[in-house]
Amino acid sequence: MPLVPMKELLTAAERGKYAVGAFNCNNMEIIQAIISAAELERSPVIVQASQGAIKYAGIDYIVGLTRIAAGLTDIPIALHLDHGTSYEQAVACVEHGFTSVMVDGSKYPLEENIELVRRVLAVARPQGVSVEGELGKITGTEDDIFVSEKESMYTDPEEACYFVEQTGVDALAIAIGTAHGQYKGEPKLDLERLSVIDGLTDVPIVLHGSSGVPDDTIREAIARGVRKVNIDTNIRERFMAAARAALAADPEQLDPRKILAPAREAMIEIVREKMRVFGSSNRL
Ligand code: G3H
Ligand code: 13P
Ligand code: ZN
């Protein structure tokens, strides 16, 4: 079936009180693994492409591969731009066939962030393309930041309420203690803040940096209003572990498919595990 707008998937998730996984893709094997997992779990799914993915694979390949995958299945799939950096890039993704775009204006002052999201919405919404905004700063796990400093970057609930009212955005990414990449220790999430934000807004909430967050914490975040959960690092870990094992077992191997096929199988498993935690399995 054709790609669907992300908003459709998140509205259904709100009704069913579960979250949809948004999995980062970089090549054909990753896209195939994400879609195979969704088919096996009978789960809706979001395939997303970061700046790095677009640079690596190219926007046309990302759209082409995901459209082919969608055309071969009855699973509802949204294709989403992850951490879009500019108005121009978001528009380019809309024009190329993405069904959702994130425009990450979190580094700008509030009013500039609102203005950027509004401009993107003005182009995206008439095309039926969903828009995700971000408020608060989600750091990388490698960033050396003191806890007090980190907390000052968390999403302010009153600001979130104002941001959603002013933009009418379809999904809101918030900062409550998660970070991109591998965590050094166990991440501590400000779940109380999440509940306050959820109580003040009526928008689906997005959790970034979700790899490495314990399953129970993810479940609790979903119970408190998270409807989209972003996963990249956990997929990379499984891909690389399986590829390394295949190479170690057969160092002289000349056929890349002998490395990529087990990597793809390993990715299917982790995506399935995540879908079960998110409660999106058997929702079709
Ligand atoms: O948003 C975070 C993703 O993990 C992006 O990473 O730009 O290296 O693909 P990447
Ligand atoms: P992780 O790589 O930490 O899972 O984060 C993914 C993400 O938030 C993509 O936007
Ligand atoms: Zn992110």
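Just so you know, ligand 1 is whichever comes first in the structure, and atom 1 is the first atom listed for that ligand.
Given atom 8 (O) of ligand 2, the protein heavy atom at minimum distance is Gly209 N, 2.8 Å. When hydrogens are left out, the protein atom nearest atom 4 (O) of ligand 2 is Ser211 OG, 2.6 Å; that is the closest non-hydrogen contact.
The option from Asp82, Ile138, Val213, Asn24 that lies nearest to atom 10 (O) of ligand 2, judged by heavy atoms, is Asp82.
Looking at heavy atoms from C-beta onward, Val213 lies out of side-chain contact with Glu186 at the 4.5 angstrom threshold.
At least one heavy atom of Arg236 sits closer than 4.0 Å to an atom of ligand 1. Ligand 2 has Ala179 within reach: a non-hydrogen atom of the residue lies less than 4.0 Å from it.
For ligand 2, the atoms sitting less than 4.0 Å from at least one non-hydrogen atom of Thr233 are 1 (P), 2 (O), 3 (O), 4 (O), numbered in the order shown with element in parentheses.
In terms of polar-atom proximity, His83 is counted as a contact of ligand 2, with an N or O under 3.5 Å from an N or O of the ligand. Polar contact check, Asp232 against ligand 1: a nitrogen or oxygen pair lies under 3.5 Å apart. Checked against a 3.5 angstrom limit, the closest N/O atoms of Asn24 and ligand 1 fall outside it. Taking only nitrogen or oxygen atoms, main chain and side chain alike, Ile231 does not reach within less than 3.5 Å of ligand 2.
Note that CG of Leu81 and CD of Gln51 are 6.5 Å apart. Values are rounded to the nearest 0.5 Å. Note that CG of Asp82 and OG of Ser100 are 10.0 Å apart. Values are rounded to the nearest 0.5 Å.
Looking at Asn234 against ligand 2, nothing comes within 4.0 Å, counting heavy atoms.
Checked for salt-bridge contact, Asp74 and Arg42 meet the test: a charged N lies under 4.0 Å from a carboxylate O. Residues Arg119 and Glu115 are not paired through a salt bridge, judged by the lack of any N-O separation under 4.0 Å between the basic side chain and the carboxylate.
His180 contributes NE2 and His208 contributes ND1; the angle these two atoms make at the Zn ion (ligand 3) is 130°, rounded to 10°.
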